[in-house]
2 protein chains.
Amino acid sequence: MISRRGLSATSIREMAKHAKAPLGSTYHYFPEGKQQLATEAVRHTGEWVARSLRRELEAGPVAGLRAFLTLWRKIVVDSDFHAGCPVLAVSIEEPPADEIPPALAAAAEVFAQWETLLAASLRDHGADPRRADQLATLVVAAVEGALAMCRAKRTTEPLDRAAQQLQALIADAIEG
Amino acid sequence: MISRRGLSATSIREMAKHAKAPLGSTYHYFPEGKQQLATEAVRHTGEWVARSLRRELEAGPVAGLRAFLTLWRKIVVDSDFHAGCPVLAVSIEEPPADEIPPALAAAAEVFAQWETLLAASLRDHGADPRRADQLATLVVAAVEGALAMCRAKRTTEPLDRAAQQLQALIADAIEG
DNA sequence: GGTAGACTATGACGATCGTTATAGCCAGCG
DNA sequence: CGCTGGCTATAACGATCGTCATAGTCTACC
């Protein structure tokens, strides 16, 4: 739900109803309220994607990238362009001026984890270390941005176009 | 304000107060309410960025890209990682199931405009047309995604890393 | 000076938000 | 059987939301 509506537009009432759980139970299992819900949602998504990434990266960076792209493409298409990445959704919520909410910190960690996985695989396959780091960041950033563009345009074209360039880039980096 | 909080978390009351305008006036000048506010905000930002892009692209795609990057980098840094791109913020709000709100359509047009400007400049400088389109999309997507990552991590590193790769890519494309 | 019309001030409307309190149900153990 | 304690149901709290209606103010033209 966060990946569809964003964090602030996702109400606990709706969430409980969608989960067919009573509203009262929400605060029994998540005593810290909405922040905890958001944090655990981000971490859950992060781990889910990271698992898929780890598995597919065993066949090399090209296969890993393809899996990453396919995964997000499926989410956008299956939701008829209504859903995106919940980690990005949490990232663009404004935090209070003086502290960093745990959900935002979790989002940062998730991004870092995805980048680390990609960069390590690139290095293992002969890419220059510095370039590997930059490419991993570029991949995550481009996919996240392309997802949002797909939702606005109601087309998968942005993701598909970015995918082509990213694939060529990765292929070039591991044989240079 | 949309670029900080997102659309649904931005209240008309707060907006009017921030603009030192009376709340009643909002519905006098924007009779269609919040949707109209969002649409005009998206279009305004789109035109503002497009103007800067057109100006800098006269010196070539490399200069244009650098201006695009610098512009967004400044917004993130000046806001102490609290603000991002309002067009992206509007893009990831879930629309009603049966219709497309005008603000979302405006966001799609803005993205398309930025891509068109970049792609045209790339073609004018000798890039392969197909590659030019893909690269233009990649640039916009990567910058939008990197902005969100910067906010989560409270660092400009994602944007700077993506920038390096994008600059190399553009340079390579216009001399291939 | 008076009057029309653009703008503002004010307050209200129903709805929904996150969160909490409290009363009730209902398993499991003695 | 009785009772304890985890879970649920329900209602309420104050706050805030988008939107609208209405009464008031003020400017500008006749």
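Just so it is clear, the values below take in all heavy atoms, side chains as well, and ignore hydrogens, waters and symmetry mates. Naming: A, B, ... by sequence-line order, numbering from 1 per chain.
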Identify the pairs formed between an N or O of the protein and an N or O of nucleotides 22-29 of chain D at a distance under 3.5 Å, and give each distance.
none

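Nucleotide D:dG6 holds its C1' atom 8 Å from the OH atom of A:Tyr29, rounded to whole Å. Rounded to an integer number of Å, the gap from B:Glu32 CD to D:dG18 P is 16 Å. To the nearest angstrom, C1' of D:dA21 lies 13 Å from OH of B:Tyr27.
Between the side chains of B:Glu109 and B:Gln113, not a single donor N or O lies within less than 3.5 Å of an accepting N or O.
Near DNA chain D, meaning a heavy atom under 4.0 Å away, the residues from residues 1-14 of chain A are A:Arg13.
An OP1 or OP2 oxygen of D:dC7 is reached within less than 4.0 angstrom by no side-chain nitrogen or oxygen of A:Ser25.
A:Val42 and A:Ile100 sit in two unconnected hydrophobic clusters of ILVMFWY residues. Membership requires side-chain heavy atoms under 4.5 Å apart, directly or through other members.
The two residues A:Val143 and A:Trp72 come nearest to each other via the heavy atoms CG1-CD1, 3.6 Å. Among all heavy-atom pairs drawn from B:Ala132 and B:Arg123, the shortest one is CB-CG, 3.8 Å. Nearest heavy atoms, A:Ala38 versus A:Ile2: CA-CD1, 4.1 Å.
More than 12 heavy atoms of other residues, nucleotides or ligands sit less than 6.0 Å from atom CZ of B:Arg54. More than 12 heavy atoms of other residues, nucleotides or ligands shown are found within 6.0 angstrom of CZ on A:Arg4. In the displayed structure, A:Arg154 atom CZ is contacted under 6.0 Å by more than 12 heavy atoms of other residues, nucleotides or ligands.
Of all nucleotides in DNA chain C having an atom under 4.0 Å from a heavy atom of chain B, the first and last in 5' to 3' order are C:dC7 to C:dA12.
The residue A:Phe30 sits apart from the nucleic acid: no heavy atom pair falls under 4.0 Å.
Between A:Met149 and B:Ser91, every side-chain heavy-atom pair lies at or beyond the 4.5 Å cut-off. Between B:Glu157 and A:Thr137, every side-chain heavy-atom pair lies at or beyond the 4.5 Å cut-off. The shortest distance between side-chain heavy atoms of A:Leu88 and B:Glu144 does not fall below 4.5 Å.
In terms of position on DNA chain D, the residue among B:Gly33 and A:His28 whose nearest nucleotide sits closer to the 5' end is A:His28.
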